[in-house]
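Only one structure is covered here, and it is reproduced in the block below.
Quick note: numbers below take in every heavy atom, side chains included, and nothing from hydrogens, waters or symmetry partners. Convention: sequence-line order gives letters A, B, ...; per-chain numbering from 1.
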There are 2 protein chains.
Amino acid sequence: MSDSLSAKFAALADPTRRAMLARLALSELTLADLAKPLEMTVPAVAKHLAVLERAGFVTRSRPTKSVARPAKLQVAAFSEMADWIEKCRVHWEGSFDRLAAYLETPEAKGAEDA
Amino acid sequence: MSDSLSAKFAALADPTRRAMLARLALSELTLADLAKPLEMTVPAVAKHLAVLERAGFVTRSRPTKSVARPAKLQVAAFSEMADWIEKCRVHWEGSFDRLAAYLETPEAKGAEDA
DNA sequence: ATTTTATATACCTATTAGTATATATGTCGG
DNA sequence: CCGACATATATACTAATAGGTATATAAAAT
């Protein structure tokens with residue numbers, strides 16, 4: 001499970017982490033904020049947050065003057081996964097015209113396989 | 001990691017399994033076929049295949065007259081994941097007009113969060 | 001000084017990925 | 001029919017990882 005794509009899928013394979021991402025979509029949140037609704041200790045939430053951070057879904061601001069390190073969602077991290085899944089859809093679900101439409105997009109030119 | 005969505009993400013969090021799916025996209029394959037290019041023992045491949053099967057990505061035909069049980073891709077299994085990711089894109093990547101457009105759709109009314 | 005926020009460490013348990021090995025079952029050549 | 005081979009599965013084992021806890025520590029806010 002070392003490559004970046006695997007890390008992203010693995011990070012999402014947990015309902016707690018998906019719930020955290022859903023809340024981070026609305027606003028930046030500190031560790032304590034994230035832990036509040038999650039019947040779980042703070043260190044446990046910190047571990048989940050670290051998984052999301054390693055996978056690239058989240059960055060945390062540096063503690064300049066405050067102790068709090070709010071986590072912020074990184075939208076771009078989704079593109080790698082979305083590309084892979086889109087490729088699957090094109091292969092398997094997509095009708096031929098849909099494949100044709102995909103091949104016209106700029107992303108299609110430089111795409112690698114997993 | 002027990003819910004269906006988690007099982008799907010977890011199943012894709014492994015390069016070996018993604019490679020198996022990629023080959024299954026082209027044709028049905030038996031366990032021996034799948035194992036051939038994968039420097040791994042057959043029982044190990046059988047375990048990976050079982051993970052894909054439990055996640056719903058694959059079904060296997062019943063052994064009526066033959067010993068071989070070719071695995072077949074189940075395209076529909078992708079929709080649950082694709083829906084979740086699409087919801088993320090709408091939330092996070094989408095511009096405001098895109099969000100507005102989504103909120104007009106019927107799915108938006110009854111949508112639950114993960 | 002106390003409280004809040006965050007992190008680090010050590011520990012436990014369950015799961016995952018892989019192996020080796022054995023066993024059932026069906027195909028095919030005599 | 002029978003023995004050999006191919007396909008698939010089951011079991012038992014090891015090693016590593018994941019998810020969680022408790023506890024201790026550091027630093028900043030009040």
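Atom CD in Glu53(A) sits about 13 Å away from atom P in dA6(C), given to the nearest Å. Leu49(B) places its CG atom 13 Å from the P atom of dA10(D), with the value rounded to the nearest Å. When the C1' atom of dA18(D) is taken as reference, atom CZ of Phe9(B) falls 18 Å away, rounded to whole Å. In this entry the distance linking CE of Met20(B) with P of dA17(C) reads 12 Å, nearest Å. The distance between atom NZ of Lys36(A) and atom P of dT4(C), rounded to the nearest whole Å, is 11 Å. Taking atom CG on Asp14(B) and atom P on dT15(C), their separation rounds to 18 Å, with Å as the unit. Regarding Arg18(B), its CZ atom lies at a distance of 12 Å from the P atom of dA17(C), rounded to whole Å. With rounding to whole Å, Arg54(A) atom CZ is found 10 Å from dA18(D) atom C1'.
For Ala68(A), taking side-chain heavy atoms from C-beta onward, the closest of the listed nucleotides dG20(D), dA6(C), dA20(C) is dA6(C). Here dA17(C) is the nucleotide among dT21(C), dA28(D), dA17(C) with the atom lying nearest to any side-chain atom of Val51(B). When each of dT7(C), dA17(C), dT21(D) is scored by its nearest atom to the side-chain atoms of Arg60(A), the top-ranked nucleotide is dT7(C). Comparing dT21(D), dG18(C), dA6(C) by their nearest atom to the side chain of Lys47(A) picks out dT21(D). Considering only side-chain atoms of Met40(B), the nucleotide from dA17(C), dA27(D), dG18(C) that sits closest is dG18(C). Among the nucleotides dT9(D), dA17(C), dT7(C), the one closest to the side chain of Leu31(B) is dT9(D). The side chain of Arg69(A) lies closest to dA6(C), out of dT21(C), dA6(C), dG18(C).
Below 30°, between 30° and 60°, or above 60°: for Trp84(A) and Phe9(A) the angle between ring planes is above 60°, a perpendicular geometry.
Here the closest heavy-atom approach between residue Pro37(B) and residue Arg23(B) is recorded as CG-NH1, 3.1 Å.
Note on Ala32(A): only backbone sugar-phosphate atoms sit closer than 4.0 angstrom, heavy atoms only; bases stay farther off.
Judged by closest nucleotide on DNA chain D, Arg17(A) is the one of Pro43(A) and Arg17(A) placed further toward the 5' end.
Judged by distance alone, with hydrogens and angles left aside, the side-chain atoms of Arg18(B) form a donor-acceptor pair with the main-chain N or O of Leu12(B) at under 3.5 Å. Checking side-chain atoms of Lys8(B) against main-chain N and O of Ala55(B) turns up a donor-acceptor pair under 3.5 Å. In this structure a side-chain-to-backbone donor-acceptor pair under 3.5 Å is missing from Arg69(B) to Leu31(B).
Within the structure, a side-chain polar atom (N or O) of Thr30(B) is placed less than 4.0 Å from OP1 or OP2 of dA8(D).
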